[in-house]
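See structure below.
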Amino acid sequence: MKFKIAILFLLLVQIQLFAQDNEKATKLVVGVVVDQMRYDYLTKFQKHYSDEGFKRLQREGFEMKNFHFDYVPTYTGPGHASIFTGTSPMNHGIVANNWYDKVIKERVYCASDPSVSGLGLDPEDRAGKMSPQRMLSTSFADQNRLHTQFKGKTIGVSIKDRGAILPAGHTANAAYWFVGGDEGHFISSDFYMEKLPNWVNKFNSSDVAKSYLKEWDTFKDISTYEESGSDLNTYENGFKGKKEATFPYDLKKLAKENNNYSILRPTPYGNDLLLDFAKKAILNENLGQDEFTDVFTLSFSSTDYLGHNFGVNSKEIQDTYIRLDKNVADLMKFLDKQVGKGNYTLFLTADHGAVHVPQFLKDEKIPAGYFEVDDMRDALEEHLSTNFGLENVIESIYNHQIFLDYSKFNTYSEFVTAQNEVKHFLIQYKHIDKVYTRETLENTDFSGTPAELILRGFHQKRSGDIAYVLDNAYISYSRKGSTHGSGNNYDTQAPLLMYGNGIKSGKTYNRYHIPDIAPTISALLGIELPNGATGTVISEVLK
């Protein structure tokens with residue numbers, strides 16, 4: 001009898017705990033992506049951060065200290081798609097920002113959709129003809145909408161269109177992105193709605209964007225920015241109309257020569273403007289205000305524009321991350337008030353990292369440099385023509401992949417032979433480290449090898465026929481500023497900070513990967529995994 005009473009008591013306790021968990025179910029999931037954020041920015045600039053931004057996420061949340069992308073190429077489009085679908089380009093199909101379509105024989109963009117019309121600008125303007133239609137998998141936001149019978153909302157916002165569209169998924173209520181030029185507006189497309197909401201029109205007609213056309217000087221005394229390179233150097237691009245890329249920058253004065261409101265993109269004020277818009281979206285869409293979990297995706301793009309412009313070791317980057325820390329603190333304070341502390345779950349990660357400016361590395365005696373794709377193509381075409389009679393067989397070169405013209409081959413055997421000849425030539429070419437053919441990628445198990453990253457980024461219908469890998473810190477880019485895209489640690493390692501409802505406090509040095517985020521959030525919400533998910537649940541982060 002006592003045993004039965006004990007069992008009944010235990011069941012009642014479990015039911016009570018389950019009810020309590022249900023009462024505390026997360027009302028809002030906020031997925032924050034910082035475009036081009038290297039992991040070491042968390043540690044490098046740490047002493048300048050406040051206690052309420054990144055440090056709060058580290059202190060009260062869970063930090064992944066060995067977190068990586070598991071594929072190449074590491075670009076913005078595939079990065080955002082992989083974070084929210086829980087899989088890699090081999091499944092979700094976003095193989096790059098742009099890629100060569102072998103069927104229609106032209107370049108396509110990851111978020112373009114000619115069947116839709118823009119809202120908030122000329123309907124036929126290409127900037128508005130965007131949707132997630134090229135992404136082949138669902139996101140965890142899609143699964144949440146399906147789980148709640150579409151009662152839970154999803155809103156995505158970013159300066160970049162792909163940063164707003166891909167995370168929000170196919171069933172989003174809205175995605176909003178920024179157009180510069182003379183407009184300085186947030187726009188959308190009729191994929192989501194018939195017209196922009198009044199609150200968006202009101203925001204666009206305000207002077208918020210205009211207010212950021214002002215002087216950009218360092219947030220703190222520049223003499224304290226000891227963690228970055230000298231302000232005056234030869235590794236930065238800067239802005240048109242200003243001879244030297246040094247502080248301060250008079251954005252109002254420089255705007256005309258830099259496409260007006262577009263000048264805000266590579267400045268921390270682009271992040272400020274986006275956060276202003278994000279808070280309006282959360283308020284006006286009533287996110288996190290009922291029993292149905294909502295999803296809000298927020299991608300800070302200005303950090304990427306800055307990295308490309310000034311490089312990862314610049315004073316401009318350091319100042320921007322010090323200011324971004326303030327943005328993160330502001331966002332969390334806002335969520336505490338609007339949604340309630342303990343009622344939301346937030347994660348912060350990046351879509352890729354970036355390499356140091358190769359010329360800077362060379363000057364410091366570290367192997368690095370630049371690779372000219374056009375020179376390589378000319379040499380390869382001459383080789384194939386002279387030695388094998390293959391004329392105009394290279395249809396395109398994109399994302400370190402070579403696309404062959406299938407019409408040039410009568411048999412599959414000829415096609416394979418051509419791949420191997422290209423591979424044989426490229427592996428001897430200066431500053432090419434590795435080469436893989438389509439035949440090899442489709443018929444070899446690369447688990448546990450460096451080629452595994454290439455395989456996970458390889459989509460049979462969308463990728464090229466030969467993939468080549470450059471030497472470490474070699475890039476196909478201008479001689480100033482930084483870029484990304486490789487499978488090296490400076491591009492693959494990313495921060496992951498998870499915080500809030502259902503998340504433990506702590507840290508781990510265990511290795512996890514970007515596709516693990518969506519399964520972990522799905523497990524937290526008790527919803528079905530995205531339909532293409534290949535990642536695993538990070539169980540040690542969940543309560």
Side-chain angles (χ1 to χ4, degrees), residues 33 35 75-77 80-81 84 93-94 96-99 101 104 106-135 139 141-142 145 153-210 212 255 258-266 270 273-278 280-282 284-285 296-302 304-305:
V33 181
D35 205 323
Y75 296 139
T76 298
H80 282 77
F84 289 86
I94 304 299
N97 294 335
N98 301 278
W99 63 86
D101 189 310
I104 63 176
E106 64 182 47
R107 186 188 78 166
V108 297
Y109 175 60
C110 63
S112 66
D113 186 349
S115 71
V116 303
S117 299
L119 301 176
L121 75 175
D122 183 336
E124 295 307 307
D125 192 313
R126 291 174 61 186
K129 299 177 80 63
M130 302 288 168
S131 84
Q133 58 98 13
R134 296 191 191 278
M135 189 167 74
S139 69
D142 288 322
R145 293 269 287 155
K153 283 187 175 182
T154 300
I155 306 288
V157 301
S158 179
I159 293 293
K160 291 182 181 179
D161 46 47
R162 57 188 180 273
I165 292 167
L166 299 176
H170 301 276
T171 61
N173 300 84
Y176 301 104
W177 56 97
F178 181 75
V179 289
D182 296 330
E183 290 88 4
H185 289 169
F186 282 90
I187 66 169
S188 189
S189 77
D190 63 5
F191 175 85
Y192 302 98
M193 65 201 88
E194 294 182 358
K195 61 181 182 179
L196 291 179
N198 289 334
W199 70 264
V200 176
N201 290 325
K202 185 177 180 180
F203 186 93
N204 286 337
S205 63
S206 70
D207 290 331
V208 178
K210 187 177 181 180
Y212 289 117
N258 293 273
N259 197 21
N260 295 321
Y261 286 104
S262 297
I263 198 174
L264 295 177
R265 295 176 184 269
L273 176 62
L274 179 66
L275 183 56
D276 290 339
F277 185 80
K280 291 293 185 183
I282 293 170
N284 285 278
E285 297 293 343
F296 185 70
T297 72
L298 171 62
S299 177
F300 288 106
S301 309
S302 290
D304 184 68
Y305 291 111

> OG/Ser115 to CD/Gln133 distance, rounded to the nearest 0.5 angstrom?
Replying inline: 6.5 Å
>> I'd like to know if the side chain of Tyr109 pairs up with that of Asp161 as donor and acceptor (distance under 3.5 Å, no hydrogens or angles considered).
In response: yes
>> Quick one: does any side-chain atom of Ser299 pair with a main-chain N or O of Ser158 as donor and acceptor, under 3.5 Å?
In response: no
> Under a 4.5 Å cut-off applied to non-hydrogen side-chain atoms, are Met130 and Asp113 in contact?
Replying inline: no
> Can you check whether Asp35 reaches Phe300 side chain to side chain, under 4.5 Å on heavy atoms?
Replying inline: no
>> Given 3.5 Å as the limit, does a donor-acceptor pair link the side chain of Asp190 with the main chain of Val116, or not?
In response: no
> When you look at CG of Asp122, are more than 12 heavy atoms from neighbouring residues, nucleotides or ligands closer to it than 6.0 Å?
Replying inline: yes
>> Using side-chain contact (heavy atoms from CB on, under 4.5 Å), reason through Trp99 and Ile94 one step at a time and then give a plain yes or no.
In response: CA-CA 9 Å; Trp99 63 86; Ile94 304 299; 4.2 Å; yes
>> For the CD atom of Glu183 and the CG atom of Asn204, what is their distance to the nearest 0.5 Å?
In response: 10.0 Å
>> How close do Ser262 and Pro266 get, counting heavy atoms only, and between which atoms?
In response: O-CD, 3.6 Å
> What pair of heavy atoms forms the shortest contact from Ser189 to Gly128, and how long is it?
Replying inline: CB-O, 3.1 Å
> Do the charged groups of Asp101 and Arg107 touch, with an N to O distance under 4.0 Å?
Replying inline: no
>> Less than 3.5 Å apart, any donor N or O on the side chain of Asp276 or Tyr212 sitting next to an acceptor on the other?
In response: yes
> Does Lys153 make a cation-pi contact with Phe296, if we ask for NZ or CZ under 6.0 Å from the ring centre and within 45° of the axis?
Replying inline: no
>> For a side chain to side chain donor-acceptor pair (under 3.5 Å) check, start with the C-alpha distance between Arg134 and Ser112, then their side-chain angles and the critical distance, and finish with the verdict.
In response: CA-CA 8 Å; Arg134 296 191 191 278; Ser112 66; 3.1 Å; yes
> Between Leu121 and His185, is any pair of side-chain heavy atoms under 4.5 Å apart?
Replying inline: no
> Hey, what do you get for OG (Ser301) to CZ (Arg162), rounding to the nearest 0.5 Å?
Replying inline: 8.0 Å
>> Within the structure provided, determine whether Asn258 and Asn260 are in side-chain contact (heavy-atom separation under 4.5 Å).
In response: no
>> If you define the side chain from C-beta out and look only at heavy atoms, does anything of Phe203 sit under 4.5 Å from Val208?
In response: yes
> Roughly how far, to the nearest 0.5 Å, is CD1 of Ile155 from OH of Tyr192?
Replying inline: 10.0 Å
> Between Tyr176 and Trp199, does a ring pair (Phe, Tyr, Trp, His ring centres under 6.0 Å) hold up when you go through it step by step?
Replying inline: CA-CA 12 Å; Tyr176 301 104; Trp199 70 264; 5.7 Å; yes
> If you take all heavy atoms of Ser302 and Gly270, which pair is closest and at what distance?
Replying inline: OG-CA, 3.2 Å
>> As a quick check of understanding, evaluate side-chain contact (heavy atoms from CB on, under 4.5 Å) for Ser188 and Met193, giving each step before the final call.
In response: CA-CA 8 Å; Ser188 189; Met193 65 201 88; 3.7 Å; yes
>> side-chain contact (heavy atoms from CB on, under 4.5 Å), that's the test. Do Tyr261 and Phe178 meet it? Break it down for me.
In response: CA-CA 10 Å; Tyr261 286 104; Phe178 181 75; 4.2 Å; yes
> Do you know which two heavy atoms are closest between Ser117 and Glu124, and how far apart they sit?
Replying inline: OG-OE2, 3.9 Å
>> Check this for me: does any side-chain nitrogen of one of Asp304 and Lys160 sit under 4.0 Å from a carboxylate oxygen of the other?
In response: yes
>> One pair to check against side-chain contact (heavy atoms from CB on, under 4.5 Å): Leu273 and Phe186. What are the steps and the verdict?
In response: CA-CA 10 Å; Leu273 176 62; Phe186 282 90; 4.0 Å; yes
> How close do Lys129 and Pro123 get, heavy atom to heavy atom, and via which atoms?
Replying inline: CG-O, 4.0 Å
> So, do Leu274 and Val157 sit near enough that their side-chain heavy atoms are less than 4.5 Å apart?
Replying inline: yes
> Are side-chain N/O atoms of Thr154 and Asn173 paired as donor and acceptor at under 3.5 Å?
Replying inline: no
> Is Ile187 close to Asp125 at the side-chain level, that is, under 4.5 Å between some pair of heavy atoms?
Replying inline: no
> Of all heavy-atom pairs between Gly169 and Ser139, which one has the smallest distance, and what is that distance?
Replying inline: CA-OG, 3.7 Å
> Side-chain contact, heavy-atom cut-off 4.5 Å: Phe191 with Pro132?
Replying inline: yes
> What distance do Thr76 atom OG1 and Leu166 atom CG have between them, rounded to the nearest 0.5 Å?
Replying inline: 10.0 Å
